[in-house]
Amino acid sequence: MVIHLTGAVQGVGFRPFVYNLAVRHNLKGYVINDSQGVVIDIEGDEKNINQFLIALHTQKPPLAHIFSQEMEEKNIAGYKTFEIRKSKEKGKKEVFILPDVSTCEECFKELTDPENRRYRYPFINCTNCGPRFSIIEKLPYDRPNTTMKKFKMCPECEREYNNPEDRRFHAQPNACPVCGPHITLYTSDKKLVAEREEALKETVELLKKGKILAIKGVGGFHLVCDATSDFAIETLRERKRRGEKPFAVMFKDIQQIKEYAEITDFEEAVILSPEKPIVIVKKN
Ligand SMILES: [Zn+2]
Ligand SMILES: [Zn+2]
């Protein structure tokens with residue numbers, strides 16, 4: 001049986017999910033990304049196939065959305081295993097591209113754990129979070145088609161990427177301090193000041209001094225300064241020629257927001273959602 005799925009099914013850990021699900025239900029065949037979405041060919045016991053089809057919808061990864069499902073019967077090929085196959089490039093490209101997704105809880109835990117190999121590594125990501133839209137150059141969504149192609153994974157990252165039980169299995173932007181991109185700090189006339197951890201520490205010092213920094217994130221540049229410094233804010237308003245309009249303010253967590261603003265339950269839920277949008281709230 002061949003199943004064609006469309007929707008937000010690429011870059012969300014869908015193939016590893018299908019792989020694990022098929023193995024769990026003792027089904028053989030393969031899963032592949034194509035330019036319309038995901039194609040699954042499964043063979044096995046009818047009862048198992050039915051359970052597989054239900055779980056496909058009820059247990060799918062948190063960022064996945066299925067817009068349509070088409071099924072066709074075909075002759076049994078007699079597959080011996082279930083595998084994830086390399087994507088095909090042909091056909092009209094209609095797949096839904098995900099936006100960049102904010103760091104998930106599990107990655108945040110690693111990011112703040114001194115024992116973890118990604119401790120304070122700014123480009124941490126996994127199958128459930130990280131950049132998508134900003135790094136895709138063409139479809140289908142596979143590492144060679146993203147701006148991550150120039151970073152060759154180190155053996156440890158490669159192991160995660162290839163292990164179906166790892167939460168970074170086929171996470172296309174997978175990276176670590178050894179093999180991935182890193183941060184550098186420059187002066188406004190492009191002189192190198194610091195790199196990696198030093199760049200991070202130096203940035204904090206500059207912010208405390210009331211400086212304005214342009215931080216290049218995955219999706220563009222972001223101007224930052226200390227929101228509690230009148231001097232910094234005035235300078236930013238002057239340079240941006242933005243006399244009155246409010247700026248977005250970043251907070252450490254929801255508790256800290258509550259010290260400054262009155263927020264409703266709905267606003268809180270939106271602020272904490274994976275999209276983490278800018279939310280306009282009422283100041284205390
Ligand atoms: Zn994550
Ligand atoms: Zn690595």
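Ligands are counted one by one from 1 in listed order, and the atoms in each one are counted from 1 as well.
Side-chain contact between Lys109 and Asp113 is absent, with no heavy atoms from C-beta onward closer than 4.5 Å. Counting heavy atoms from C-beta outward, Leu200 and Ile183 have side chains that approach closer than 4.5 Å.
Aromatic ring pairs are classed by plane angle as parallel below 30°, tilted from 30° to 60° and perpendicular above 60°; the pair Phe251 and Tyr260 is tilted.
Follow the hydrophobic side-chain contacts under 4.5 Å out from Val18 and you never reach Tyr161; the two are in separate clusters. A continuous path of ILVMFWY side-chain contacts below 4.5 Å connects Phe67 to Leu56, so both sit in one hydrophobic cluster.
The side chain to side chain donor-acceptor pair (under 3.5 Å) test applied to Thr81 returns no partner, not counting sequence neighbours.
Shown here are the protein N/O/S atoms lying under 2.8 Å from the Zn ion (ligand 1), water excluded: Cys104 SG, Cys107 SG, Cys126 SG, Cys129 SG.
Annotation: angle subtended at the Zn ion (ligand 2) by Cys157 SG and Cys154 SG is 110°, to 10°.
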